[in-house]
2 protein chains.
Amino acid sequence: MTARSDTVRGANAGRSRSHNRRVVLDKVRDAGKIGRAEIARATGLSTQAVSNIIAELVADGLLVEDGRRSAGRGLPALLYALNPKGGFALGVEIRPDALLISVLDLAGQELCALRETLDTTSPDWVCTRIRDLRDTALRSARVPAQKLLGAGVVLPGPFGTTGLSDSASELPEWQQLDVASWLAERLDLPVMVENDANAAAMAERVAGVARELHTYAYLYFGAGLGLGLVQDRRLMRGAFGNAGEIGHAMVPGPDGAVVLEHAVSRVAAQKHLARRGVHATTGGQLETLYREANPHLRQWLDRAAEPFSHAVAMIENLLDPQTIILGGAMPEGILDHLIDSVTLSEHSVSNRADRNVPRLLRGRSGPMTAARGAAALVINQRFTPQIPAGH
Amino acid sequence: MTARSDTVRGANAGRSRSHNRRVVLDKVRDAGKIGRAEIARATGLSTQAVSNIIAELVADGLLVEDGRRSAGRGLPALLYALNPKGGFALGVEIRPDALLISVLDLAGQELCALRETLDTTSPDWVCTRIRDLRDTALRSARVPAQKLLGAGVVLPGPFGTTGLSDSASELPEWQQLDVASWLAERLDLPVMVENDANAAAMAERVAGVARELHTYAYLYFGAGLGLGLVQDRRLMRGAFGNAGEIGHAMVPGPDGAVVLEHAVSRVAAQKHLARRGVHATTGGQLETLYREANPHLRQWLDRAAEPFSHAVAMIENLLDPQTIILGGAMPEGILDHLIDSVTLSEHSVSNRADRNVPRLLRGRSGPMTAARGAAALVINQRFTPQIPAGH
DNA sequence: TTGATAACTCAATCGACTTGAGTTTTTATG
DNA sequence: CATAAAAACTCAAGTCGATTGAGTTATCAA
């Protein structure tokens with residue numbers, strides 16, 4: 001499914017321009033407002049080049065002029081900012097039981113979120129549903145179709161047939177398909193496909209706690225537990241697109257080694273509760289139980305702390321991220337509780353004096369993170385210089 | 001020590017050319033011999049552009065013409081190959097007790113390897129020793145100094161003050177220093193600094209089992225256990241250059257959770273043997289014990305298998321590499337034994353039908369891997385297109 | 001023998017960045 | 001308050017490097 005880059009492409013004038021557009025957009029994005037001269041200094045481009053690129057971006061509607069700023073002597077700089085309405089992205093999350101749609105603007109604001117239950121998951125049927133929901137969403141968000149920059153699609157990983165494939169719960173009919181090009185043709189849009197954790201990581205980068213981070217990990221609570229890895233602004237996907245399958249790692253727990261996601265995940269919590277006669281099928285119910293300080297849930301949290309701490313230590317030492325973000329389909333209170341209850345290893349490369357970000361953060365994107373992240377993939381791509389790869 | 005990229009640089013004609021030179025070199029390297037037209041097709045450049053670049057590379061001595069190849073009709077292609085003598089790299093490994101030097105040619109062949117015991121490790125003293133050994137090595141390898149492309153330096157990680165810093169065993173005087181620029185000035189060469197595992201990973205890419213791989217992990221047996229991560233030809237260094245500190249991960253073992261490198265590392269084996277009255281301080285002694293089927297060593301290997309298997313599973317599921325390479329200061333027989341004794345989890349993203357590389361490989365670079373890898377960093381850099389970053 | 005095919009070269013063109021001179025606006029200074 | 005320094009920006013020319021298209025050469029197949 002996920003072809004890997006075996007050859008890197010050469011550069012030419014056109015590809016330089018496209019790279020430089022991204023560089024400029026990225027700089028504007030992270031500065032908020034910024035003048036040409038400052039961009040030129042930061043990027044090593046001449047002010048003239050920046051001027052030309054900005055003129056183009058303004059003409060395309062991606063940037064807008066936004067005031068002046070005087071910094072001491074000299075002509076005050078004309079500032080530019082992102083035009084949130086300059087482009088939009090469609091996010092699609094396909095689950096075995098439901099279809100979720102999100103529309104984001106360039107600034108990462110969610111303009112519309114839709115959800116629909118799926119009875120069948122055949123690609124053709126799902127595709128017609130996506131098209132319907134897309135149209136509904138665009139109407140409600142008042143977004144003209146031609147301003148859609150692309151679509152991101154989240155499918156349950158892992159991709160390809162691997163030892164983790166567990167076809168019962170997943171989307172067997174989709175595994176054989178080159179989803180990106182299949183959907184691109186039918187939606188008439190560029191399409192990017194990712195797993196939930198990677199998408200969620202991008203949601204936080206585009207409009208969440210990771211806005212100013214370039215290297216971080218995102219622990220995604222879905223059915224199981226996934227990890228999205230961002231290194232230097234780009235997703236680390238591994239050789240086959242399946243990096244981050246942390247849920248199956250064995251970690252030490254209170255009663256010996258356990259599979260991480262058997263100890264720390266929403267399903268794990270629900271099973272723990274069910275065995276004690278407490279049934280919580282929705283996130284809302286879990287949240288209520290947490291607020292009511294349900295003793296069984298507390299017990300589960302207490303038992304989850306140790307394996308969770310080991311997972312955090314493992315991620316820190318293997319990946320040396322700026323921070324680890326927690327999010328996904330788990331009530332915020334519970335995520336915060338996990339963060340508070342973790343034993344942060346002193347024996348970690350992340351235990352450093354000069355850090356300016358907490359070692360753990362809770363994400364902001366809430367339960368629709370994956371669909372939102374799917375759209376964020378598209379937006380992030382516009383802002384992140386790529387090494388052009390593959391054919 | 002390791003400044004991180006906060007801004008990506010813009011492209012211009014000159015930087016495009018430098019990118020394209022790397023792209024062409026990389027293609028020649030992995031094809032062995034190749035003609036202009038094929039490079040053009042593979043990279044998306046015009047044949048004319050490839051011609052110009054090749055002319056430049058030939059003039060610089062990096063490529064040589066190497067025969068013709070006829071593929072059916074049409075003019076047979078003039079083939080080009082790397083000129084191994086077109087450039088050389090110096091590799092330096094600085095350990096608390098010794099200094100190791102390696103000189104590689106462009107093809108990754110080692111022309112000279114030197115080792116010297118260090119009594120003191122003050123930067124000034126070490127620097128003079130490096131200069132001396134460099135001169136000796138260049139003389140013995142008959143390499144003119146002006147053909148040195150740069151120097152790679154391996155220092156014991158982790159970099160910066162972290163929870164893993166264990167200053168007793170390391171090089172405290174070096175921690176405060178910006179080693180790369182400090183040495184660059186004194187050696188009058190571009191200098192790159194990495195930890196041992198990352199360097200070792202590059203050694204295998206430049207002239208070992210990873211020649212044709214782009215995404216893999218390297219488990220490095222030094223004093224402890226480190227992990228070098230290569231994703232899409234580039235080292236994954238984490239936010240602070242300390243990614244891959246796997247040795248401190250807690251993994252399940254035969255008697256409960258253990259620190260991985262307490263179970264699987266050269267020091268672990270030596271301690272195990274010492275407790276049983278067998279003293280093996282050198283790699284050679286370990287190798288002899290292994291060949292003699294020493295029961296204590298066998299017992300250690302048996303006990304190491306489980307934690308090692310967990311580590312492998314963890315790496316596979318977190319990073320989805322093409323393969324995991326084992327190497328470093330551990331006798332080959334023992335590495336092979338570990339590879340044979342590992343229980344490869346079926347429950348892994350690496351368990352896939354379409355793989356064409358074994359899940360585990362032993363590296364080829366032997367005990368001087370890190371110094372050799374240091375030099376390989378320089379060579380790899382010439383071949384690997386970079387996203388230009390930072391100021 | 002002849003034509004198709006492929007690799008390669010030459011010369012012209014083009015796109016995008018850089019350079020340097022000049023304009024405008026603001027602030028600091030005497 | 002006048003003036004000079006400083007900074008942002010624009011204009012026009014120059015340069016670098018890739019592309020394009022026509023032309024040459026060598027090989028193979030019919």
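Note that the structure is a prediction, hence the values are computed from the model and not measured. Convention: sequence-line order gives letters A, B, ...; per-chain numbering from 1.
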Look at the side chain of B/Ala13 and decide which nucleotide, out of C/dT18, D/dC9, D/dG17, has an atom nearest to it.
-> D/dG17

CD of B/Glu65 versus P of C/dC8: gap in Å, rounded?
-> 10 Å

Please state how far atom CD1 in A/Ile54 lies from atom P in D/dA8, giving the value in whole angstrom units.
-> 13 Å

Side-chain N or O of A/Ser70 less than 4.0 angstrom from OP1 or OP2 on C/dT26?
-> no

Compare side-chain N and O positions of A/Arg15 against OP1 and OP2 of D/dA18 and report whether any pair is under 4.0 Å apart.
-> no

C/dA4, C/dC17, C/dT26: which one has an atom nearest the side-chain heavy atoms of B/Arg73?
-> C/dA4

Polar side-chain contact B/Gln48-C/dC10 base: donor and acceptor under 3.5 Å = yes

Gap between atoms CG and C1', on B/Asn20 and D/dA18 respectively (whole Å) = 8 Å

The residue, B/Leu75 or A/Asn12, whose nearest nucleotide of DNA chain C is more 5′ is B/Leu75

Closest to side chain of A/Arg17, choosing from C/dA16, D/dG17, D/dT27 = C/dA16

Indicate whether any N or O donor in one side chain lies under 3.5 Å from an N or O acceptor in the other, for A/Arg205 and A/Asn380.
-> yes

Salt bridge A/Arg21-A/Asp60, side-chain N to carboxylate O under 4.0 Å = yes

Closest to the B/Ser51 side chain: C/dT5, C/dT9, D/dG17?
-> C/dT9

Are A/Arg17 and A/Glu56 within salt-bridge range, i.e. N to O under 4.0 Å?
-> yes

C/dG15 P sits how many Å from A/Ile53 CD1, rounded?
-> 16 Å

Has A/Asn52 got a side-chain N or O lying under 4.0 Å from the OP1 or OP2 atom of C/dC17?
-> no

Identify whether the distance between the nearest side-chain nitrogen and carboxylate oxygen of A/Arg237 and B/Asp232 falls below 4.0 Å.
-> no

Is B/Asp30 salt-bridged to B/Arg211, going by a charged N under 4.0 Å from an acidic O?
-> no

Looking only at D/dA18, D/dC9, C/dT29, the nucleotide nearest the A/Ala37 side chain is D/dC9

Roughly how many Å is it from CZ in A/Arg69 to C1' in C/dT26, rounded to a whole number?
-> 16 Å

Closer than 4.0 Å, any side-chain N/O of B/Arg36 to the OP1 or OP2 of C/dT9?
-> yes

